[in-house]
Amino acid sequence: MGLFSSSKREELVAVFNVGSSSISGALFFMQASGIPRIIFSTRQPIAFLDKINVKSFLSETVKAFNKVASQIATSSFGAPEKIFCVFSSPWYVSQNRVIKMEKNTSFVFNTKLADFLIEKEIKLFEEEYLTKYKNSGNKVRAIELKNTKTVLNGYEVLNPRNQKTKNLEMTLFISICGEDILSKVEEIIFKHFHTREIKSSSFLMASFTVVRDMYVKQDNFLLVDIGGEVTDISMIKKNSLCESISYPIGRNFIIRNIASKLNCSLDEAKSVFFLYKDGHAEKNIKQKIEPIINTLKTEWLTKFQSSLSNLSNDISIPATIFITIEKEYADFFAEIIKTEQFNQYTLTESKFQIIFLNAEILHNVAIFENNTIRDTFLIIDAIYINRFLNKNSNV
């Protein structure tokens, strides 16, 4: 039984999604059914900067987070009993690490052994990665540790505790986050909710878990998160999160470059982009902007192709792609991916099948009250958190 699974009382939970173009937040009731009941949600855009400056970007992110926290705290639904923060790129860095142990005689895989091996691996991770970030002047903190797969004697075992084996393999997923954003977030939450008990996670782990559980027959797939400033690609094979790669070209890259080429403001560039995308641009505007957008499409696609090549490591790339992106940009990027030529390569299983993780796809796995906004990212976060709390499991 999980820590909370025996309780029939619904718990009010707050979740914040920290992205690269907006901050969103929601209040929901955790339910034993695994379907969260979302009663309030809000989103605040992060100021769109002409040029990315780390200090200014952090400052604007903190301002947006404070506004969302204030809206949730004054929403009249009461104080949440649990608070979660889910970070998207570029706010976290993650890695899969594999622990292997083999003996000539059988040994028992128990909690004590697992804790010992995990603690040892965390220390190795800190030596290899945390020190690297500290040397650059940016302090970091581990926010997430998940045991995603345990293999005993060559077979994956869902409940390996106290089983005998001669050969052990554990796959761990570890995420770290910058101390600068973590400390600011914690200060704001304490100001509005008077607590420092906050659990943090990566959006990658949340989306992976939700897709894996929703599409049980789909054990090979790609996860693509196209954020404002960053695009993340993760490859899942046999229901295991294998590898991830990121590149600093998100959807804001399109708008920012249009503004530069047309010598106009970001707002004007955004307006022109949507007129063109939706087929409403006047002929002279279309002729002017079309070659610009085609060039930008090619640049984004080239980086996408390059990332897939680096991700594959000589194994086939799954043909099914689950994409998270703000709804108004979905068709634009879907067209780019569908028309790309990478599927001609032998590394790809077949032509891409693109599935957008949106409110329509997720409508059966969350309940909404009143006129609550159906926010895709918050729905995924709430489902993952509800599952985590109910089962008190790793993933």
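No side-chain N or O of Ser183 forms a donor-acceptor pair with one of Arg141 less than 3.5 Å apart. A donor-acceptor pair shorter than 3.5 Å can be found between the side chains of Thr324 and Asp225.
Glu144 pairs in a side-chain hydrogen bond (donor to acceptor under 3.5 Å, both in side chains) with only one of the listed residues (Ser200, Ser94, Ser202), which is Ser202. A side chain to side chain contact (heavy atoms under 4.5 Å, CB included) with Phe356 holds for exactly one of Asp331, Ile325, Ile361; it is Ile325.
From Thr61, atom OG1 reaches atom CG of Asp180 across 10.0 Å, with rounding to the nearest 0.5 Å.
Ion pairing of Arg196 with Glu186 is absent here, as no side-chain N (NZ or NE/NH1/NH2) approaches a carboxylate O to less than 4.0 Å. Salt-bridge check for Glu102 with Lys166: failed, with every basic side-chain N at 4.0 Å or more from each acidic carboxylate O. Under the 4.0 Å criterion applied to side-chain N and carboxylate O atoms, Glu229 and Arg256 are assigned as salt-bridge partners. Under a 4.0 Å N-O distance rule, the pair Lys237/Asp219 does not qualify as a salt bridge.
Nearest approach of Asn358 to Thr376, heavy atoms of both residues: CA-OG1, 3.3 Å. The two residues Ser24 and Asp375 have their closest heavy-atom pair at CB-OD2, 4.1 Å.
Environment of CG in Asp115: crowded, with over 12 heavy atoms of neighbouring residues, nucleotides or ligands closer than 6.0 Å. With a 6.0 Å radius and a threshold of 12 heavy atoms from other residues, nucleotides or ligands, Lys277 has its NZ atom above the threshold. The environment of Lys149 atom NZ is dense: over 12 non-hydrogen atoms of other residues, nucleotides or ligands sit within 6.0 angstrom. Shown here is Glu328, whose CD atom has more than 12 heavy atoms of other residues, nucleotides or ligands within 6.0 Å. More than 12 heavy atoms of other residues, nucleotides or ligands sit less than 6.0 Å from atom NZ of Lys297. In Phe116, the CZ atom is not crowded: 12 or fewer heavy atoms of neighbouring residues, nucleotides or ligands sit closer than 6.0 Å.
Listed for the Asp232 side chain is no donor-acceptor partner under 3.5 Å among the backbone atoms of Val224.
When ring centroids are compared, Phe203 and Trp91 stay outside the 6.0 Å threshold.
Taking the ring axis of Phe208 as reference, the NZ or CZ atom of Arg212 stays within 45° of it and closer than 6.0 Å to the ring centre.
The aromatic rings of Tyr329 and Phe333 lie tilted to each other, with the angle between the two planes from 30° to 60°. Below 30°, between 30° and 60°, or above 60°: for Phe322 and Phe221 the angle between ring planes is above 60°, a perpendicular geometry.
Linking Ile, Leu, Val, Met, Phe, Trp and Tyr whenever their side-chain heavy atoms come within less than 4.5 Å leaves Val230 and Ile143 in two separate clusters.
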